[in-house]
Amino acid sequence: MACSIVQFCYFQDLQAARDFLFPHLREETPSGALKRDPSKSNWEDDGWGTWEETEPQEPEEDGNSCKTQKTSWLQDCVLSLSPTNDLMVIARGQKAVFLVPKWKHSDKGKEEMHFAVGWSGCLNVEEGEYVTSALCIPLASQKRSSTGRPDWTCIVVGFSSGYLRFYTQNGVLLLAQLLNEDLVLQLKCRTYEIPRHPGVTEQNEELSILYPAAIVTIDGFSLFQSLRACRNQVAKAAASGNENIQPPPLAYKKWGLQDIDTIIDHASIGIMTLSPFDQMKTASNIGGYNAAIKNSPPAMSQYITVGSNPFTGFFYALEGSTQPLLSHVALAVASKLTSALFNAASGWLGWKSKHEEEAVPRQKPKVEPATPLAVRFGLPDSRRHGESICLSPCNTLAAVTDDFGRVILLDVTRGIAIRMWKGYRDAQTGWIQIVEDLHERVPERADFSPFGSPQGPSRVAQFLVIYAPRRGILEVWSTQQGPRVGAFNVGKHCRLLYPGYKIMGLNNVTSQSWQPQTYQICLVDPVSGSVKTVSVPFHLALSDKKSERAKDMHLMKKLGASLKAKAPNLDLIETEIKELILDIKYPATKKQALESILASERLPFSCLKNITQTLMDSLKNQELESVDEGLLQFCANKLKLLHLYESVSQLNSLDFHSDTPFSDNDLAVLLRLDEKDLLKLQALLEKYKQENSRAAVRFSDDKDGVLPVKTFLEYLDSEKDVISVKKTGEEECVALGSFFFWKCLRGESSAEDMCRTLESVGLSPQLLLSLLLSVWLSKEKDILNRPQSVRCLYTMLHLLSKMKVAIEETWDSQSVSPWWQQMRAACIQSENSGAALLSAHVGHAVAVQISNSLTEKKFSQVGLGPDSEALTDSWEALSLDTEYWKLLLKQLEDCLLLQTLLHSRVNPSTARGSSLQAEPLPRLSVKKLLEGGRGGIADSVAKWIFKQDLSPEVLKWANKERDAENPDEPKEGSSRGLSEMTEVETDLGAIPDLLHLAYTQFPCSLELDVLHAHCCWEYVVQWNKDPEEARFFVRSIEHLKHILNAHVQNGIALMMWNTFLVKRFSAATYLVDKVGKSPKDRLCRRDVGMSDTAMASFLSSCWDLLQTLMEADVSRDEMPVPVLDTEDAWLAVEGPTSIVELALDQKPVHYPLVEHHSVLCAVLCAITRFSLKAVKPLSLFDSKGKNAFFKDLTSIQLLPSGEMDPNFISIRQQLLLKVVSAAVQARHGVAKDRDSSEEAPSPPFEKDQDWPVLALDLAHHLQVSEDAVRRHYVGELYNHGADHRGEEAILQVQDKEVLASQLLVLIGQRLAHAVLRTQTREGLELLARLPPTLCTWLKAMNPQDLQNTEVPIATTAKLVNKELWGKCFCFPANPAGCFLESWTLTAFLPRGYGCCIRGGRPCLWRNRGSGSSYSREWTLNRALNC
């Protein structure tokens, strides 16, 4: 073993703490860019222009300094970590961040500790003060049941104003004390340690505070009690709101240091007592020859300071010379603890502001004067300035750093420098103390004590750790004059933390029962964001001549090199390894060496066996008292495993082949099946094998049954004549089972010899059965291709069942056998249904045979004849276990059929791609189906249907034979489904047949309504994962419509609405209402979570769902509630409630409320489908209507009733007219408009929807005149030139006079375009024949309003002649209109004809004259009646 660095903690977000403490270092990331963690950054990812793009142009020196500060910022902070690793403080200036550990899973699945920000804020109370030093002191718990963890941790912070303040982990101020008016230079703590020797002086706990010219020490016991009292009072104040609290006083001593220029750091050594010789020497130096000497040496407190003139100063304060001072801390607490509650709240909220009380001028507390203390001696060096001092754990040595880059090792007792290291500028030092473990060399372990044992006191080694940031290296040195024992490259921006204390509040009684988990030293690396500690083994402190451990470690290294070396002669390697392992002295090291040898992959089996046997023989030849029993037993166990490996390998290598033929008849007899059942089983397995071979690809494995000896030894463990499996994972069991049984299952090894060998070494039958089933179930593809393997399994199982303790002789036949229950449990859990079904048949056959033999043996002893009735009773008692086998066989058969169906798939040419549909389906097992609840089977099939994207018609078509058996069931759409199936029947392959078999096997679980319900739910769940896949939602609605039972349909639709739709629907509604038009893609993705095209399809599908919900609500009263049954083999299912059961538990909906939502949904569909503008859907409804939206559809809401405000009706009518116009435009627009509209895909909702009819339906619900909508529809049809559709629509119009006036304008526009805009000969002739009044009227028409100007004149003449005159129009109340109509009709008559009104009736006349004289004969052609 060597030195190592171990990572034990990480930072969750160290960059956040840096940005809080250094705001100017905060990275300016552009909007939308991700801020990277500096600990995960890589310089290769950054371009050359990265810094120039993200930072302002500054001088090059400033830029370089900023870059350096971003990595070395931790060097400028005050840092402290609790020795129990439960709190870290990082402070700079007036700000501080408290980090607390949290456990979280890493990427590898392991739990790791991460430091996360627990509190951050400003700590300054006085104006202009800043943090200069900090300590985290864990306080011991007073409970007897404590496990060694601290009760809580106190944060001690020193400020530049001289204040010393104490905080909780949440930033709550507990106590504040002004001990001196100079800034606090350093805080150090000492906690209680058990003395190593009886003569060592017991040290008290204390907190020492260093000022530029003074040292203040606070008694640890007094501080502990005061902090506990303050914490309790603050908690009470927070609960009661009382602010007038007087904290208890502190007892402290204050020494004024004299005869020294500057002080930078200090170390409090504690109480020491001089030896008589040192006492006389000191008295002579101070008092001279006649100095008086006391009988007993006085006790003194020793302090060492580092600075300048002298470089190190030694101070001694006599104990009892001054009385401790009691501080009146009540005046020092910030506003009498008023800020305690405020600090707590500000810490919880993450912000902190100035207190209101700070505006009031405060009176500083009285500062007690210091007791003068002169330096006794020091190390004078006028040019050298000390920077830090670090005291060793045993208070005998200290490491001092200076400005010359030296690290000096001081002997504290003698006051001399004993060692110096060069080249460590800005070094940081720490100590590690290691206690020798004396129990490794003794056979039996005794109770452990820290420093003592029955063999004598344990040795303690101290190692000095030096971190040189300039070189980025961490070194470990053995003291005092020892070599360097470790060196690590750790980076140049780390911080080495050495607290030098543990938990405060322990004493000589409580510390013996406590074993706190504390670290001695740690390294904080801000670049990698980790906290590391250094591990040093004790033997590194010993020299090679005196250390057997060091010699053993050297032999271990040599052994490792020999195991890695490639030598052609294995005999030489074997001999060398034997010598090395025999030369090792320590039993623990010898065991470690043997383990490494057995784990080697280079050594053959013969070498491993010989080496282990040699070590075993050497141990037996030693004296019994000196032999380690653990090592001897370890060698014996490994030898036993090696002999087993050798025996099994020899059996597997023998040439053994069974020549006995095996026919189907033999298989039927073996499994106790008749011919029909055997054919059914073979057909089922053949289908499963075909589909399973298509579902997966398997690569050949030539190493079946071969296991390396290294792996064999790793998997098995031998103890007390019993061999067990150490690793019980599936992979380990399959590997061991293949090694033991695979050759036997293939008929290539003797099953009898193998079972005899395994039983002789102590392997239990239960373990062997588990291994046998593991290999059988894992080799499914090989087994299905080798039917003779069934006979081999029968033989192996029969032999294992005859072993001792396999089947207990006292087993009661009326109970379940644990042996067979273990086998059934393995079959139930297996996901390889084919192999599980075969093994269950074999197990059933063996169980029946053994039961028959036991029964015959039992009754042969009793005798037959009059006891024939008892024999019958015996077979009835045995039927309990037999019924379990039959139940399992039925379940496995069902599972196999279901797995075959799930393996089948549609031809790839017809499959539609999707990432969600590409996910593999989980394999099934009987256990999964039993734990999946009553809907588990239908849910599995629904997932497969989603993966294959089968339409609902396929499910109905596959169920056609069952429908033929039940002629009473409705068969809507069956003819359409059959016609569609004939087109894709060739692509589906065997899927319809497998579906039909599944329907037959699961008549209850796969009932068509149940399956449609699960498919509907599966599709909507997958759509919710990816809303862009609109076709999933459309297919879900299709399955919903195919549910025949209205109760199930109502419940599923309501659950879909409440779970997935209402939130997105409300978001879409508010978005459309906000923008007043169809929103753009960006807004849809932001608010609704999908694109604009997906939202249009979503709204149309929502309208379908609401319509289906209303239809189901109407139909549910006419049909009974379905009864959900379960197949007999699956009555024991447990698990979640099925979807259908949840659907049946839903309350009935409130029909008017659903209709209300349906109207809104239709309006939204129209807006998004036709991109209507200036439309706000919510403005169509009053306050009652708006408040009713998006409420629970089962609740009774106050809906609009009665006459609606005309303003609302006007807005609604405008919307409906826009919808009709857009619908006609979309269907009958001219070619150029149609081409542009085809670019945007229309949603599926448009395929089956007639928008004019929907507009009339909306007009009925919105209280808008339906006739107005019809008239507008007729006008739009004629406006777009669809005269043939207009003729049909006119028949539904009631107010024909209003329609006539509208069509008259349209006819005028057409005529104006034909006469005025088209300069043709026919047009000019027609214009010449028109009356002046008609010409004036035509010129007033605007043909630009026409949507289609390409309508022929003949079509317009037909409109005037047939529709205008022939069906509906005469204006008895408007003679001017009649004359205008006659003139209009004259425009369309041939030359020589005319029209007039006579008696209110139109008449035609013809000119029969010639030349310039005309004789007009009035001829009444016909009368056109209205």
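Here, residue 1 is the first one in the sequence, and each next residue gets the next number.
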Problem - His1284 atom NE2, over 12 foreign heavy atoms within 6.0 Å - result: yes
Problem - His1156 and Phe1189 aromatic ring geometry - parallel, tilted or perpendicular at 30°/60° bounds - result: parallel
Handout entry: Polar side chain donor-acceptor pair, Glu953 to His1042, under 3.5 angstrom
Key = yes
Exercise for the section: Starting from the C-alpha separation in whole Å, work towards a yes-or-no answer on salt bridge (charged side-chain N to carboxylate O under 4.0 Å, His left out) for Arg1116 and Glu1118. Expected result: CA-CA 5 Å; Arg1116 61 179 292 158; Glu1118 302 175 359; over 6 Å; no
Problem - All side-chain contact (heavy atoms from CB on, under 4.5 Å) counterparts of Leu1083, not counting sequence neighbours - result: Leu1071, Val1075, Pro1079, Arg1086
Practice task
Please step through side chain to side chain donor-acceptor pair (under 3.5 Å) for the pair Gln1107 and Ser1158, ending with a clear verdict.
Solution key: CA-CA 7 Å; Gln1107 293 295 317; Ser1158 177; 2.6 Å; yes
Practice task
Establish, from distance only, whether the side-chain atoms of Ser951 and Glu1038 form a donor-acceptor pair under 3.5 Å.
Solution key: no
Practice task
Under the side-chain contact (heavy atoms from CB on, under 4.5 Å) rule, collect the residues that match up with Val1021, sequence neighbours excluded.
Solution key: Trp1017, Lys1025, Phe1060
Practice task
Please identify each residue that fulfils side-chain hydrogen bond (donor to acceptor under 3.5 Å, both in side chains) with Asp1192, with sequence neighbours left out.
Solution key: Thr1194
Handout entry: All ring-ring contact (aromatic ring centres under 6.0 Å, His included) counterparts of His1014, not counting sequence neighbours
Key = none
Exercise for the section: May I ask you to test the Tyr1070-Lys1074 pair for a side-chain heavy-atom distance under 4.5 Å? Expected result: no
Exercise for the section: Find out whether the Lys NZ or Arg CZ of Arg1212 is both under 6.0 angstrom from the six-membered ring centre of Phe1181 and within 45° of the ring's axis. Expected result: yes
Exercise for the section: Identify, with sequence neighbours excluded, every residue that meets salt bridge (charged side-chain N to carboxylate O under 4.0 Å, His left out) alongside Asp1009. Expected result: none
Handout entry: From CA spacing to verdict: side chain to side chain donor-acceptor pair (under 3.5 Å), Asp949, Tyr1019
Key = CA-CA 9 Å; Asp949 201 13; Tyr1019 269 102; 3.0 Å; yes
Practice task
Sequence neighbours left out, what passes side-chain contact (heavy atoms from CB on, under 4.5 Å) with Leu1153? Give chain and number order.
Solution key: His1150, His1157, Ala1188, Leu1193, Ser1195, Gln1197, Leu1199
Practice task
Answer yes or no: is there a donor N or O on one side and an acceptor on the other, between the side chain of Lys1176 and the main chain of Asp1073, under 3.5 Å?
Solution key: yes
Practice task
For Asp1087 and Ala1067, indicate whether the former's side chain and the latter's backbone hold a donor-acceptor pair under 3.5 Å.
Solution key: no
Exercise for the section: Find out whether Asp1345 and Gln1309 are in side-chain contact, i.e. whether some heavy atom of one side chain is under 4.5 Å from a heavy atom of the other. Expected result: yes
Problem - Side chain Ser1036, main chain Phe1032, donor-acceptor under 3.5 Å - result: no
Fill in the blank from the handout: Residues passing the side-chain hydrogen bond (donor to acceptor under 3.5 Å, both in side chains) test with Gln1022, sequence neighbours excluded, are Glu1018
Problem - Side-chain donor or acceptor of Thr1168 paired with backbone N/O of Cys1165 under 3.5 Å - result: yes
Exercise for the section: Please confirm whether the backbone N or O of Val1351 pairs with a side-chain atom of Thr1355, one donor and one acceptor, at under 3.5 Å? Expected result: no
Handout entry: Test salt bridge (charged side-chain N to carboxylate O under 4.0 Å, His left out) applied to Glu1028 - qualifying residues, sequence neighbours left out
Key = Arg1085
Handout entry: salt bridge (Lys or Arg N to Asp or Glu O under 4.0 Å) pairs, two or more places apart, involving residues 1040-1065
Key = Lys1041-Asp1104
Exercise for the section: Please tell me if the side chains of Asp1113 and Val1154 come closer than 4.5 Å, counting only heavy atoms from C-beta onward. Expected result: no
Exercise for the section: Would you please indicate if the ring centroids of Trp1023 and Phe1033 are separated by under 6.0 Å? Expected result: yes
Practice task
List the steps, then state whether salt bridge (charged side-chain N to carboxylate O under 4.0 Å, His left out) holds for Lys1358 with Glu1287.
Solution key: CA-CA 11 Å; Lys1358 181 181 178 181; Glu1287 295 174 5; 3.5 Å; yes
Exercise for the section: Taking side-chain contact (heavy atoms from CB on, under 4.5 Å) as the test, write out the residues that go with Glu919, two or more places apart. Expected result: Leu916
Handout entry: Ser1100 side chain to Ser1097 backbone, donor-acceptor under 3.5 Å
Key = yes
Exercise for the section: Output all residues satisfying salt bridge (charged side-chain N to carboxylate O under 4.0 Å, His left out) with Asp1283, sequence neighbours left out; order by chain, then residue number. Expected result: Arg1310
Exercise for the section: Flag the pair Tyr1151 / Val1114 as yes when at least one side-chain heavy-atom distance between them is below 4.5 Å, and no otherwise. Expected result: yes
Fill in the blank from the handout: Taken in chain and number order and not counting sequence neighbours, the residues that satisfy salt bridge (charged side-chain N to carboxylate O under 4.0 Å, His left out) with Glu1111 are none
Handout entry: N/O donor-acceptor pair under 3.5 Å between Arg1285 side chain and Val1274 backbone
Key = no
Exercise for the section: Could you give me the CA-CA distance, side-chain angles and deciding distance for Leu1359 and Ile1307, then say whether side chain to side chain contact (heavy atoms under 4.5 Å, CB included) is met? Expected result: CA-CA 8 Å; Leu1359 170 63; Ile1307 293 172; 3.6 Å; yes
Handout entry: Test item: Gln1049 side-chain N/O and Leu1040 main-chain N/O as donor-acceptor pair under 3.5 Å
Key = yes
Problem - Asp1267 (side chain) donor-acceptor with Asp1295 (main chain) under 3.5 angstrom - result: yes
